[in-house]
Protein chains: 2
Amino acid sequence: MEEKKHMVGGISRKTLERLPIYHHYLEHKLLKEGTETISAPSIAAELQLNEVQVRKDLAMVSRNGGKPKMGYQVTELIKDMEEFLGYHNNNQAVLVGAGSLGKALLSYKGFEQYGVKIVMAFDTDGRKVNTKIGGKMVLPFEMLENHCQRMNIHIGIITVPAQSAQDVCDHLVAAGVRAIWNFAPIHLSVPEHVLVQNENMAVSLAALSKYLYEAEKEGRQHTKEEDD
Amino acid sequence: MEEKKHMVGGISRKTLERLPIYHHYLEHKLLKEGTETISAPSIAAELQLNEVQVRKDLAMVSRNGGKPKMGYQVTELIKDMEEFLGYHNNNQAVLVGAGSLGKALLSYKGFEQYGVKIVMAFDTDGRKVNTKIGGKMVLPFEMLENHCQRMNIHIGIITVPAQSAQDVCDHLVAAGVRAIWNFAPIHLSVPEHVLVQNENMAVSLAALSKYLYEAEKEGRQHTKEEDD
DNA sequence: TAGATTGTTAATCGATTAACAATC
DNA sequence: TAGATTGTTAATCGATTAACAATC
């Protein structure tokens, strides 16, 4: 019964994160240069990744594999990646919390390409309710469960403040949502069958800032040593 | 000379990501319950993390450590975390690309708490230039280098489309920026001394969607087996 | 004291990287 | 053929988890 959480369909989360980067690179490369075949080492060099890592990732998704000396057919590789990533899946998602971050996600065009479509939003703020953002209706929060159940929606996005996030989460779960993308900076408690992915914007920037701070501290020390 | 990239000031990236979660939990707990001391095991239980992991993380940031049987002083622990994370650093950042994502980041209140402040934005779109978003001026892109140099800004945020990202990145580097938070879904080439942190919204959602898809596929298989 | 909790050392686990035989 | 590239097995590396002695 126990599943390995970091593996999904035999593929690691890390690989899954790299695939769209390859995909974007390949599409662009193809469009610009019309290259027909490409090798793992050349991708690795371009994206500054390890050769073996790229080879393994590609081996993971490629149906027919590559040919020694030639590499992979670009168009075929792109197709295999899209298939693997579920570009054609058309999963529907709802968003709760039409604040500035919610608005940005509603307006963001990049999701549909990956097979996920945000179909509507919910908010408790009367001024936002019944407006359209990014072409999607913002509905009153009370209608969440009804709509999600009727439309059989399995993905929920939480962009409400921390204090209401758990409540929103509970309603999403009650409405049958199985996967939650959480932007509130708190830990959500959910039943075992529900997936939660946390995304904390502030954390990312804080980490970057901390890195910079430490790097510059080390830099100053080096400079000092050199001055001696 | 070679540095371990995943370590910064002796702390791993993973730990750095967990610290703000502890911080938020502690502040909230303190505010709500007025608890004076807290133990690593109780935090671990609440946040569904491993006990040892929490203990190690806390040992990393805590100045005076905890007392056996008692645990940590909550207020002290909060202070140590803030100190460690650089809440009081007041790093300045600029953002390039005032599209919907850029707007959301400009309006987001959560960054300043972590010691980072976005002070202005740049865009090439004449309709956006000289407006204010989230209280911050949007200036013409041509003024980027001048302003960044004069204000000695070291953090840049890229929220432009993929095709202009490398160009924007080059300008930021030329302007003296040392750390870049990149939302464009491409690999940026930068000099060795510049830190790049990639953030791809679509990838996160794609990964979640893929997980869900696989989980449901497995679920269906189980159901089938049970049906037999 | 007894026992909860700390801090640390050792074992495990996963992901990355290196090494290499197979092959076009 | 020779050599670039693939796919895979083994070694390394980091992060997580387990075990345990120290201590209040």
A.B. asks: Taking CE from B/Met60 and C1' from D/dA15, how many angstroms apart are they, rounded to a whole number?
C.D. replies: 11 Å

A.B. asks: Taking only distance into account, with no hydrogens and no angle test, what donor-acceptor pairs under 3.5 Å do side-chain atoms of residues 100-114 of chain B form with protein atoms, sequence neighbours excluded?
C.D. replies:
residue: B/Ser107; atom: OG; partner: B/Lys103; partner atom: O; Å: 2.8
residue: B/Lys109; atom: NZ; partner: B/Ser107; partner atom: O; Å: 3.2

A.B. asks: I need the minimum non-hydrogen distance between B/Ser189 and B/Asp170, along with the two atoms involved.
C.D. replies: O-OD1, 4.2 Å

A.B. asks: Ignoring hydrogens and angles, state whether a donor on the side chain of A/His187 or B/Glu46 is under 3.5 Å from an acceptor on the partner side chain.
C.D. replies: no

A.B. asks: Below 4.0 angstrom from OP1 or OP2 of D/dT16, is there any side-chain N or O of B/Arg18?
C.D. replies: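 Looking at the OP1 and OP2 atoms of D/dT16, one of them is under 4.0 Å from a side-chain N or O of B/Arg18.
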
A.B. asks: Pull out every stem in DNA chain D, meaning runs of 3 or more consecutive Watson-Crick or G-U wobble pairs with both distances under 3.5 Å.
C.D. replies: C:3-24 with D:3-24

A.B. asks: Rounded to the nearest Å, what distance is computed from the NZ atom of residue A/Lys14 to the P atom of nucleotide D/dC13?
C.D. replies: 17 Å

A.B. asks: Using whole Å, report how far CD of A/Glu51 lies from C1' of D/dT8.
C.D. replies: 15 Å

A.B. asks: In whole angstrom, what separates A/Leu58's CG from D/dT6's C1'?
C.D. replies: 11 Å

A.B. asks: With a 4.0 Å heavy-atom cut-off, tell me which residues in residues 31-44 of chain B come close to DNA chain C, sorted by residue number.
C.D. replies: B/Ser39, B/Ala40, B/Pro41

A.B. asks: Quickly work out the B/Arg13 CZ to D/dA15 P distance and round it to whole Å.
C.D. replies: 12 Å

A.B. asks: How would you list, by chain and number, every residue that makes a ring pair (Phe, Tyr, Trp, His ring centres under 6.0 Å) with A/Phe183, sequence neighbours excluded?
C.D. replies: A/Trp181

A.B. asks: Could you run through nucleotides 17-24 of chain D and give me one letter per nucleotide, 5' to 3': B if any protein heavy atom sits under 4.0 Å from the base, S if only the sugar-phosphate is that close, - if neither?
C.D. replies: BBBB--BB

A.B. asks: I need the minimum non-hydrogen distance between A/Ser204 and B/Arg13, along with the two atoms involved.
C.D. replies: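 Shortest heavy-atom contact: CA-NH2, 4.5 Å.
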
A.B. asks: In whole angstrom, give the distance that lies between atom CG of B/Asp57 and atom P of C/dT8.
C.D. replies: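 After rounding, the reported distance stands at 14 Å.
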
A.B. asks: Using a 3.5 Å cut-off and no angle test, enumerate the donor-acceptor pairs between side-chain atoms of residues 64-80 of chain A and protein atoms at least two apart in sequence or in another chain.
C.D. replies:
residue: A/Asn64; atom: ND2; partner: A/Glu76; partner atom: OE2; Å: 3.0
residue: A/Asp80; atom: OD2; partner: A/Arg63; partner atom: N; Å: 3.0

A.B. asks: Please check if any side-chain donor atom of B/Gln53 sits under 3.5 Å from a side-chain acceptor atom of B/Asp57, or the reverse.
C.D. replies: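 Short answer, no.
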
A.B. asks: Testing the 3.5 Å rule here: is there a donor-acceptor pair between the side chains of A/Asn152 and A/His154?
C.D. replies: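 A donor-acceptor contact under 3.5 Å links the two side chains.
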
A.B. asks: State, yes or no, whether a side-chain contact exists between A/Ile186 and A/Leu188 at a heavy-atom distance under 4.5 Å.
C.D. replies: yes

A.B. asks: Under the side-chain contact (heavy atoms from CB on, under 4.5 Å) rule, what do A/Ile180 and B/Leu208 come out as? Steps first, then yes or no, please.
C.D. replies: CA-CA 8 Å; A/Ile180 290 173; B/Leu208 188 67; over 6 Å; no

A.B. asks: Over all heavy atoms of both residues, which pair between B/Leu95 and B/Gly97 is shortest? Give the atoms and the distance, please.
C.D. replies: CD2-O, 3.4 Å

